[in-house]
Amino acid sequence: MAAVRKAAEAGGAARAAAPAARFDLPEVDDFTRPYWAAAAEGRLLLRRCRAAGCGAVHHYPREFCPSCWSEDVGWEPATGRATLYTWSVVHRNDLPPFGGRVPYVAAVVDLAEGPRMMTEVTDCPEARLRIGMPLTLHFRTERPAAAGPDGGGPGPAPDGGFAIPVFRPAG
């Protein structure tokens, strides 16, 4: 029994030394790499269907049009304008690193181009939030724990991090 306890304590110490798992960073693959590279440059990309008679714009990025199922879709820049559709103020979240950010505003916004996007609203007191309020895009930079002070992480930003699209009140 003492050996089991000692092994558990050693494992606990090893876990404490390891960086906490992150649940807020994307896994970049060949398809999403243009999206995250543009975000690192301060641009939000959307997908637009190029099939005759469709032209639907969608977000989150997919390799096909969710309206007509065409695979003839391409990247295009968004204006960065949106309106608040709905929100929830999160006061508790035990997943790292969200616990250090509470309270925060999880939101769904209507992009000017048409699609809805799950995001976060920043720089706005809860009492000022209103459905339909105009918002503007900005980016929050997140660096994985694996990225050292000089970068070297897995993200497309020059410092090895990720630029995450979020919104704030316009004007």
Side-chain angles (χ1 to χ4, degrees), residues 15 17-50 56-67 69-124 129 135-170:
R15 279 192 299 274
R22 296 283 301 259
F23 295 93
D24 64 330
L25 299 177
E27 291 186 25
V28 179
D29 58 23
D30 288 340
F31 172 69
T32 62
R33 194 169 320 285
Y35 178 87
W36 294 110
E41 298 171 356
R43 299 180 299 119
L44 176 64
L45 294 182
L46 303 175
R47 300 283 281 174
R48 181 179 294 277
C49 182
R50 297 184 287 220
V57 180
H58 62 273
H59 188 279
Y60 64 92
R62 285 163 272 194
E63 296 185 53
F64 62 92
C65 173
S67 295
W69 295 84
S70 171
E71 293 180 8
D72 187 11
V73 293
W75 296 104
E76 72 175 40
T79 62
R81 294 186 323 266
T83 57
L84 185 57
Y85 176 74
T86 191
W87 77 91
S88 179
V89 178
V90 179
H91 293 277
R92 180 175 176 163
N93 187 334
D94 295 330
L95 295 175
F98 298 105
R101 293 187 195 149
V102 294
Y104 62 89
V105 179
V108 177
V109 301
D110 287 325
L111 299 173
E113 294 78 11
R116 287 195 172 136
M117 176 180 174
M118 291 180 64
T119 186
E120 184 178 339
V121 174
T122 65
D123 307 319
C124 184
L129 294 168
L135 302 169
T136 187
L137 175 70
H138 71 107
F139 291 86
R140 180 180 65 237
T141 302
E142 295 290 339
R143 269 202 359 221
D150 297 327
D159 69 353
F162 294 91
I164 308 297
V166 295
F167 289 79
R168 63 171 56 120

- Task: Determine which pairs satisfy salt bridge (Lys or Arg N to Asp or Glu O under 4.0 Å) with at least one residue from residues 86-99, sequence neighbours left out, and list them in order.
- Result: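 Passing the test, one end in residues 86-99: R92-D94.
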Starting at [atom1] of [X], measure out to [atom2] of [Y] and round the result to the nearest 0.5 Å.
| X | Y | atom1 | atom2 | value |
| --- | --- | --- | --- | --- |
| L44 | L111 | CG | CG | 6.5 Å |
| R81 | T83 | CZ | OG1 | 11.0 Å |
| Y60 | R47 | OH | CZ | 12.0 Å |
| H58 | C65 | NE2 | SG | 6.5 Å |
| D123 | L135 | CG | CG | 11.0 Å |
| L25 | I164 | CG | CD1 | 6.0 Å |

- Item | Atom CD of E41 with >12 non-hydrogen neighbours under 6.0 angstrom |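 Yes.
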- Task: Evaluate whether atom CZ of F98 has more than 12 neighbouring non-hydrogen atoms of other residues, nucleotides or ligands under 6.0 angstrom away.
- Result: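 Yes, because the 6.0 Å sphere around CZ of F98 holds more than 12 heavy atoms from other groups.
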- Note on the structure: The salt bridge (charged side-chain N to carboxylate O under 4.0 Å, His left out) partners of R62 (sequence neighbours excluded) come to none
- Message: Please enumerate all residues that pass salt bridge (charged side-chain N to carboxylate O under 4.0 Å, His left out) together with R48, with sequence neighbours excluded.
- Response: E76
- Polar side-chain atom of R50 near backbone of V73 as donor-acceptor pair, under 3.5 Å: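 Yes, because the side chain of R50 sits within donor-acceptor range (under 3.5 Å) of the backbone of V73.
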- Quick one: does T86's side chain have a donor or acceptor within less than 3.5 Å of a partner on A107's backbone?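 No, because the side chain of T86 does not come within donor-acceptor range (under 3.5 Å) of the backbone of A107.
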- Query: Does any non-hydrogen side-chain atom of Y104 lie less than 4.5 Å from one of N93?
  - Reply: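 They are in contact (side-chain heavy atoms under 4.5 Å apart), so the answer is yes.
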- Query: Does the side chain of R140 reach to within under 4.5 Å of the side chain of P165, using non-hydrogen atoms?
  - Reply: no
- Task: Measure from the ring center of W36 to the ring center of F139 and say whether it is less than 6.0 Å.
- Result: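 No, they do not, as the ring centres are separated by 6.0 Å or more.
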- Give the minimum heavy-atom separation between P169 and T136, together with the two atoms involved. O-CG2, 4.0 Å
- Note on the structure: Closest non-hydrogen atoms of C124 and L129, given as atom of the first, atom of the second and distance, are SG-CD2, 3.8 Å
- For T79, which residues count as a side-chain hydrogen bond (donor to acceptor under 3.5 Å, both in side chains) partner, sequence neighbours excluded?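 Checked T79 against side-chain hydrogen bond (donor to acceptor under 3.5 Å, both in side chains); matches are E113.
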- Name all residues meeting the side-chain hydrogen bond (donor to acceptor under 3.5 Å, both in side chains) criterion together with T32; count only those two or more places apart in sequence or in a different chain, and write none if there are none. D29
- Can you name the side-chain contact (heavy atoms from CB on, under 4.5 Å) partners of P97, sequence neighbours left out?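 Expected list: R22, D24, R101.
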- Task: Quick one: list whatever passes side-chain contact (heavy atoms from CB on, under 4.5 Å) with T122, sequence neighbours left out.
- Result: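 Listed in chain order: E120, H138, V166, R168.
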- Residues two or more places apart in sequence or in another chain: which of them pass ring-ring contact (aromatic ring centres under 6.0 Å, His included) with F64? W69
- Under the ring-ring contact (aromatic ring centres under 6.0 Å, His included) test, which residues partner H59, sequence neighbours left out?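 H59: ring-ring contact (aromatic ring centres under 6.0 Å, His included) contacts with Y35.
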- Tell me, with the steps shown, if Y85 and V109 meet side-chain contact (heavy atoms from CB on, under 4.5 Å). CA-CA 5 Å; Y85 176 74; V109 301; 5.8 Å; no
